[in-house]
Structure formats: structure tokens, C-alpha cells
Amino acid sequence: QEKYVLYAVMAAAPNRASQIRQVSRQSSKDIDLVLSRPGTLQGQVTNEEGDPVPNAIVYFGRACGQSLPGIQSDLSDSDGRFAITDVFAFKTQLIQINDPVTRLPKLIPRSQIYYRIEHPDYGIQLFVVTEVPGTADVVLKSPAIVEGRVFDDVTRQRASGIRVSVQGTDTSEHRGD
């Protein structure tokens with residue numbers, strides 16, 4: 001049985017928005033990568049105390065689950081500032097809906113794009129961008145500490161060598177409210 005492998009195909013050129021696509025070896029389709037006019041997303045990464053966070057990887061494009069240095073990404077400097085200069089320019093449209101709680105009309109983004117920030121002290125966090133060129137100042141939240149034990153249901157003994165992962169599921173702050 002042939003192993004399913006993903007490959008990252010990238011295209012980058014000066015004064016153009018880079019493109020990244022994932023393809024598998026089994027894919028027989030041609031790949032069209034369109035390099036459009038670029039926009040710049042700039043901003044500052046700080047922590048909850050307002051201190052700059054240097055060396056945070058801020059990125060949009062991912063290939064096979066990871067950022068690619070210099071492709072739709074930037075590393076925050078000593079002041080926490082970053083500028084990603086090779087992403088596509090866009091501006092989201094706003095649509096009016098009736099708030100289900102208040103029943104009053106409100107505007108929400110029709111579309112939004114999630115960018116990511118990685119830092120060893122804060123993990124991976126998402127933030128929403130609704131317009132490029134634009135500015136996004138991002139406050140990284142301190143990571144949570146989860147403590148507990150894992151038991152084997154058959155032996156009723158503590159299990160060892162178990163990998164435990166946690167993923168946030170509350171996306172209420174990303175719904176345009």
C-alpha cells in the first residue's frame with residue numbers, strides 16, 4: 001500500500017503575494033498558482049501586561065501544518081513589531097444580521113481570515129484579520145495549566161507514557177461581535 005504524502009508547493013516573487021498549496025503524490029491535477037498584488041499586514045505582539053513579545057512567528061500561510069520562514073510570515077522584533085509583506089490584499093464585506101439575543105441589527109464580517117502566532121512561552125494562538133493592507137496589534141494570552149491524571153479503564157491503574165493534548169474550543173471572540 002502506497003503511503004499518502006503531502007507536499008508543499010510555493011511560488012514567490014518580488015512585489016507579489018506568495019502562494020502556498022498542498023498537494024499529494026496521488027494528485028494528477030495541474031496546479032495553478034496566481035501571484036496577485038501584495039498587501040502588508042503589520043502590527044505589534046504584546047503580552048497581557050503590555051510588554052512587547054519578541055521572536056513570535058506571525059504567519060498566514062502554512063504548508064503541511066507549519067509556517068514557512070519568509071513566506072507569508074514574519075518574526076516579531078525586539079519591540080514585538082512585525083510586517084508580513086507578501087500576503088494578498090483584501091477587504092471583507094460587512095453584512096447586517098439581527099442579533100439573536102438583543103434582536104437588534106448589527107454588522108458582522110462576511111468573511112474573515114485567521115492568522116497564527118507561535119511563541120514557545122504562549123503556544124499557538126489565532127487572530128482574525130478582515131483587511132490587508134492593515135494593522136493587527138495582538139495581545140498574547142498566558143497559556144493555561146491543566147493538571148490531572150490518566151487512568152487505564154481496564155486495570156484501574158494510573159497510566160504512564162500517555163500523551164495528553166488540549167485544544168481550545170471557545171471561538172466566541174472570533175464571531176464578529
Item to check | Exam field: side chain D79 to backbone R81, donor-acceptor pair closer than 3.5 Å | outcome: no

Checklist entry - What closest approach, in Å, do L33 and A11 show between heavy atoms, and which atom pair accounts for it? => result CD1-CB, 3.7 Å

Item to check | Interatomic spacing from CG in N47 to NZ in K141 - rounded to 0.5 Å | outcome: 13.0 Å

Checklist entry - Are F60 and I57 connected in the hydrophobic side-chain network, where two residues link if heavy atoms are under 4.5 Å apart? => result no

Checklist entry - Roughly how far, to the nearest 0.5 Å, is CZ of F88 from CD1 of I113? => result 3.5 Å

Checklist entry - Is there a side-chain contact between Y122 and I117, using heavy atoms and a 4.5 Å cut-off? => result no

Item to check | Atom of S18, atom of A12 and distance for their closest heavy-atom approach | outcome: OG-CB, 3.6 Å

Item to check | Straight-line distance of I162 CD1 to D152 CG, nearest 0.5 Å | outcome: 8.0 Å

Next on the checklist: Between L35 and V9, is there shared hydrophobic-cluster membership here, with clusters defined by ILVMFWY side-chain heavy atoms closer than 4.5 Å?
Outcome noted: no

Item to check | Nearest heavy-atom neighbours spanning R156 and D153 | outcome: NH1-OD1, 3.0 Å

Next on the checklist: Within the structure provided, determine whether I97 and K106 are in side-chain contact (heavy-atom separation under 4.5 Å).
Outcome noted: yes

Item to check | Test side-chain contact (heavy atoms from CB on, under 4.5 Å) applied to A89 - qualifying residues, sequence neighbours left out | outcome: P133

Item to check | Least distance between heavy atoms, P69 atom then S67 atom | outcome: CD-O, 3.9 Å

Next on the checklist: Quick one, Y114 with V128, criterion side chain to side chain contact (heavy atoms under 4.5 Å, CB included). Give me CA distance, side-chain angles, the key distance, then yes/no.
Outcome noted: CA-CA 5 Å; Y114 291 91; V128 173; 3.5 Å; yes

Checklist entry - Sub-3.5 Å donor-acceptor pair from the side chain of D137 to the main-chain atoms of G43, do we have one? => result no

Checklist entry - Mind checking whether F90 and I84 sit in one hydrophobic cluster, side chains of I, L, V, M, F, W, Y counted as touching below 4.5 Å? => result yes

Next on the checklist: Using only atom types and a distance under 3.5 Å, with no angle test, would you say the side chain of S73 pairs donor to acceptor with the backbone of V58?
Outcome noted: no

Checklist entry - Atom CD1 in I108, atom CG in D99: separation rounded to 0.5 Å? => result 10.0 Å

Checklist entry - Taking the side chain as C-beta and beyond, is there a heavy-atom pair between Q19 and V34 under 4.5 Å? => result no

Item to check | Q44 side chain vs P52 backbone, donor-acceptor pair below 3.5 Å | outcome: no

Checklist entry - Is any side-chain heavy atom of E48 closer than 4.5 Å to a side-chain heavy atom of S142? => result yes

Item to check | Linked, directly or transitively: V53 and Y115 (ILVMFWY side chains, under 4.5 Å) | outcome: yes

Next on the checklist: As an exercise, state the distance from CG of N15 to CG of D86, rounded to the nearest 0.5 Å.
Outcome noted: 11.0 Å

Next on the checklist: Working to the nearest 0.5 angstrom, can you tell me the gap between R21 CZ and M10 CE?
Outcome noted: 13.0 Å

Next on the checklist: Quick check: do L68 and Y59 have side-chain heavy atoms less than 4.5 Å from each other?
Outcome noted: no

Checklist entry - Do R103 and N98 touch side chain to side chain, with heavy atoms closer than 4.5 Å? => result no

Checklist entry - Can you name the closest pair of heavy atoms from V129 and F127 and give their distance? => result CG2-CE1, 3.7 Å

